[in-house]
Enquirer: 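First, the structure itself, so that you have it in front of you.
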There are 2 protein chains.
Amino acid sequence: MKEKTAAITNLTPPGTSCSGCPAFKACVAARLCGHDTALLGRVVTRRRLRRKGEMLYCVGDPLRTLHVVQAGSIRTGMSTCEGDVQVLGFHVPGDILGIDAIGENSHPSDATAIEASVVCELPYPLLEKQMRATPPLQREFLRLLSGEIAREKELMCVLGQRNADSRLATCLLNLSERYGRADTRAGRLTLAMSRQDLGNHLGLAMETISRLFTRFQEEGLLSVAGRRVQLLDYPRLRAL
Amino acid sequence: MKEKTAAITNLTPPGTSCSGCPAFKACVAARLCGHDTALLGRVVTRRRLRRKGEMLYCVGDPLRTLHVVQAGSIRTGMSTCEGDVQVLGFHVPGDILGIDAIGENSHPSDATAIEASVVCELPYPLLEKQMRATPPLQREFLRLLSGEIAREKELMCVLGQRNADSRLATCLLNLSERYGRADTRAGRLTLAMSRQDLGNHLGLAMETISRLFTRFQEEGLLSVAGRRVQLLDYPRLRAL
DNA sequence: CGTAGATTTGAATGTGGTCAATCCGAGTGG
DNA sequence: CCACTCGGATTGACCACATTCAAATCTACG
């Protein structure tokens, strides 16, 4: 764990611009700016290391900055009344966070690093100003928000599924698509989240997730060792 | 049914401006324009009657106009591969439809009137042009999209619930809040959707919905007669 | 009045939840 | 190096809730 954190800080020496960023291809902010690194430099002010368990923001916090994940994994959730939590999603490098806060100028959900992570910060007032000056940026931002709504709706489809099998399968396929890395495209992925979180997100008990993993392995759909998962039979996984 | 349709057409004689619209208070487009009816008149081009079962748009259709429900109810859904459908939501007067299509310029979901309805059309190119000319409109539209993302996330919380009781209860409370009408605020609401659709949306079987309604009635939470529902015990409903 | 579709109800089945014990791996300290 | 601990993961047994299939009603509407 200690050397992992070190590796991450090495990835992002202070002052590094976005041009050499390992997440550049997947980066939402980069797409937003038409991959114009000069413009990017104007809206991304800093890059912060977040330790495992650290919160980027809480429910009710005023919206100051949007966040883009550069490395690591972030979990978003809503803590309903009596300590009851609902996990809303997992966010990987390139993903943007906080855009649900623009409407009310305060965060309706919260975000927590579930492993050591690096997160870029885009102060929203700055972005707003830059949008007024840059119509294409404005337009791209609209498209980004709309796309997010579409993605949410797809997620709802997953949760609308009746059986546990399809929920987990869809979720795993989804994760493997979103990680842009080479080893992940080969089906190899290391889950940053606990079975607990995964289950909560999918509306299933932790024990069910565990049982599903072992059954999927027995059926040859994937192989699993703790949090290390290797997807094997894509067609059959998709068929669920 | 026939006289209902007649009543609706009477509500909206051709050429009527937004100022006298019965849904004005709840109307998203009105909020968007700062309740400036002149501006509204420039982005809302027409008002169409849709019969029960008519589709406003299908998956894959190019984005031409956004829609705002003026009267009636619209169901959105995604028809996954082999005729398998997932109901994404129900939309009541004032709600906007189609904003998930801006990202890709084509609709990722489809929309169907589930009863005779009146829908206002906002051609998107027109709206885009008007936004460039009217910064506050631009800003409001951003807030609208963000708010929609926040609302989707709340919906995910409902689906993340484990037990059927809480899902139905939350959904009913949600519906009763969204209808702005006086009788609805008194807990009286007439469901436009079938048990089938309701079940599909909540990830439950139609029969389960039916059983829940009768049990809720036995427990004094509400009274139900077909699609006519009267919420009685708000506190206990919320407690689920 | 009769039909088609929606809804309710019943009985049997099974999937997933709960509770509890065990196991495993990483980190800690002797 | 080993024993210990702690949190996460796995597994088993049992049970409850929701699904499924089927039949019976009910309702809207021709």
Side-chain angles (χ1 to χ4, degrees), chain A residues 1-5 51-53 73 75 84-85 87 112 114-116 158-169 171-172 190-219 222-229 240, chain B residues 1-6 51-53 73 75 84-85 87 112 114-116 158-169 171 190-219 222-229 240:
Chain A
M1 173 58 77
K2 197 170 287 176
E3 71 282 2
K4 196 175 182 183
T5 306
R51 328 201 55 173
K52 179 175 174 171
S73 307
R75 176 193 67 215
D84 217 22
V85 198
V87 172
T112 312
I114 53 176
E115 62 179 332
V158 179
L159 291 179
Q161 304 278 144
R162 302 285 185 69
N163 52 350
D165 299 30
S166 26
R167 291 198 207 170
L168 182 59
C171 180
L172 289 175
T190 305
L191 304 175
M193 70 293 284
S194 65
R195 304 283 194 258
Q196 187 82 253
D197 283 344
L198 208 46
N200 182 309
H201 180 227
L202 297 175
L204 300 168
M206 169 192 58
E207 294 93 330
T208 306
I209 300 289
S210 187
R211 276 184 251 271
L212 281 175
F213 270 124
T214 53
R215 188 157 58 76
F216 280 0
Q217 180 162 244
E218 281 164 11
E219 294 173 354
L222 48 74
S223 76
V224 58
R227 299 197 174 181
R228 206 159 296 255
V229 178
L240 302 173
Chain B
M1 175 56 78
K2 195 172 287 173
E3 71 281 4
K4 195 174 181 184
T5 305
R51 327 201 58 172
K52 178 174 175 173
S73 307
R75 176 193 67 214
D84 218 23
V85 197
V87 173
T112 310
I114 52 177
E115 61 179 332
V158 179
L159 291 180
Q161 305 277 144
R162 302 286 183 68
N163 50 352
D165 299 29
S166 26
R167 290 197 209 171
L168 181 59
C171 180
T190 306
L191 303 176
M193 70 292 284
S194 66
R195 305 282 193 259
Q196 188 81 252
D197 283 344
L198 208 46
N200 182 311
H201 180 227
L202 298 175
L204 300 168
M206 169 191 59
E207 294 92 330
T208 307
I209 301 290
S210 184
R211 276 184 249 271
L212 282 175
F213 270 124
T214 54
R215 187 156 59 76
F216 280 1
Q217 179 162 247
E218 280 163 12
E219 293 173 354
L222 48 76
S223 77
V224 58
R227 298 196 175 183
R228 205 160 297 254
V229 178
L240 302 174

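Note: hydrogens, waters and symmetry copies are ignored here, and every other heavy atom, side chains too, is used. Lettering follows sequence order; numbering is per chain, from 1. Nothing here was measured: the structure is a model prediction, and the numbers come from that model.
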Enquirer: What nitrogen or oxygen pairs link the protein and nucleotides 12-15 of chain D at under 3.5 Å?
Expert:
from   : atom 1 : to       : atom 2 : distance (Å)
D:dG12 : N7     : A:Arg211 : NH1    : 3.0
D:dG12 : O6     : A:Arg211 : NH2    : 3.2

Enquirer: To the nearest Å, give me how far apart CZ (A:Phe213) and P (D:dT11) are.
Expert: 13 Å
Enquirer: If you compare every side-chain N and O of A:Ser210 against the phosphate oxygens of D:dT10 (OP1, OP2), does one of them come in below 4.0 Å?
Expert: yes
Enquirer: Between B:Arg195 and B:Ile209 (side chain of the first, backbone of the second, donor and acceptor by atom type, cut-off under 3.5 Å), is there such a pair?
Expert: no
Enquirer: Counting only N and O atoms by type, is there a donor-acceptor contact under 3.5 Å from the side chain of B:Arg227 to the main-chain atoms of B:Ala192?
Expert: yes
Enquirer: For A:Glu115 and D:dG8, give me the distance from atom CD to atom P, rounded to whole Å.
Expert: 15 Å
Enquirer: Reckon B:Arg227 has a side-chain N or O less than 4.0 Å from the OP1 or OP2 of D:dA28?
Expert: no
Enquirer: CD1 of B:Ile114 versus P of C:dA6: gap in Å, rounded?
Expert: 12 Å
Enquirer: Judged by atom type as modelled, is there a donor-acceptor pair below 3.5 Å linking the side chain of A:Gln217 to the main-chain atoms of A:Leu222?
Expert: no
Enquirer: Can you tell me how far P of C:dG17 sits from CG of A:Leu168, to the nearest Å?
Expert: 12 Å
Enquirer: Can you find a side-chain donor-acceptor pair between B:Ser73 and B:Glu115 that sits under 3.5 Å?
Expert: yes
Enquirer: Tell me, please, which residues at least two apart from B:Thr214 pass side chain to side chain contact (heavy atoms under 4.5 Å, CB included).
Expert: none
Enquirer: Going by number, which of residues 193-206 of chain B have a non-hydrogen atom under 4.0 Å from DNA chain D?
Expert: B:Gly203, B:Leu204, B:Ala205
Enquirer: How long is the line joining CZ of B:Arg228 and P of C:dT7, in whole Å?
Expert: 14 Å
Enquirer: Expressed in angstrom and rounded to an integer, what is the separation of B:Asn163 atom CG from D:dA18 atom P?
Expert: 7 Å
Enquirer: Under the side chain to side chain contact (heavy atoms under 4.5 Å, CB included) rule, collect the residues that match up with A:Thr112, sequence neighbours excluded.
Expert: A:Met55, A:Arg75
Enquirer: With a 3.5 Å distance limit and no angle check, can you tell me whether A:Gln196 reaches the backbone of A:Met206 through a side-chain donor-acceptor pair?
Expert: no
Enquirer: Which side-chain hydrogen bond (donor to acceptor under 3.5 Å, both in side chains) pairs, counting each pair once, include a residue from residues 200-211 of chain A, with sequence neighbours left out?
Expert: none
Enquirer: Find the distance B:Arg51:CZ to D:dC29:P and express it as a whole number of Å.
Expert: 12 Å
Enquirer: Under 3.5 Å, which donor-acceptor pairs link side chains of residues 158-166 of chain B to any protein atom two or more places apart or in another chain?
Expert:
from     : atom 1 : to       : atom 2 : distance (Å)
B:Gln161 : NE2    : B:Ser166 : OG     : 3.4
B:Arg162 : NH2    : A:Leu204 : O      : 3.1
B:Asn163 : OD1    : B:Ser166 : OG     : 2.3
B:Asp165 : OD1    : B:Arg215 : NH2    : 3.0
B:Asp165 : OD2    : B:Arg215 : NH1    : 3.3
B:Asp165 : OD2    : B:Arg215 : NH2    : 2.9
B:Ser166 : OG     : B:Asn163 : O      : 3.1

Enquirer: Can you measure B:Lys52 atom NZ to D:dG30 atom P for me and round it to whole angstrom units?
Expert: 11 Å
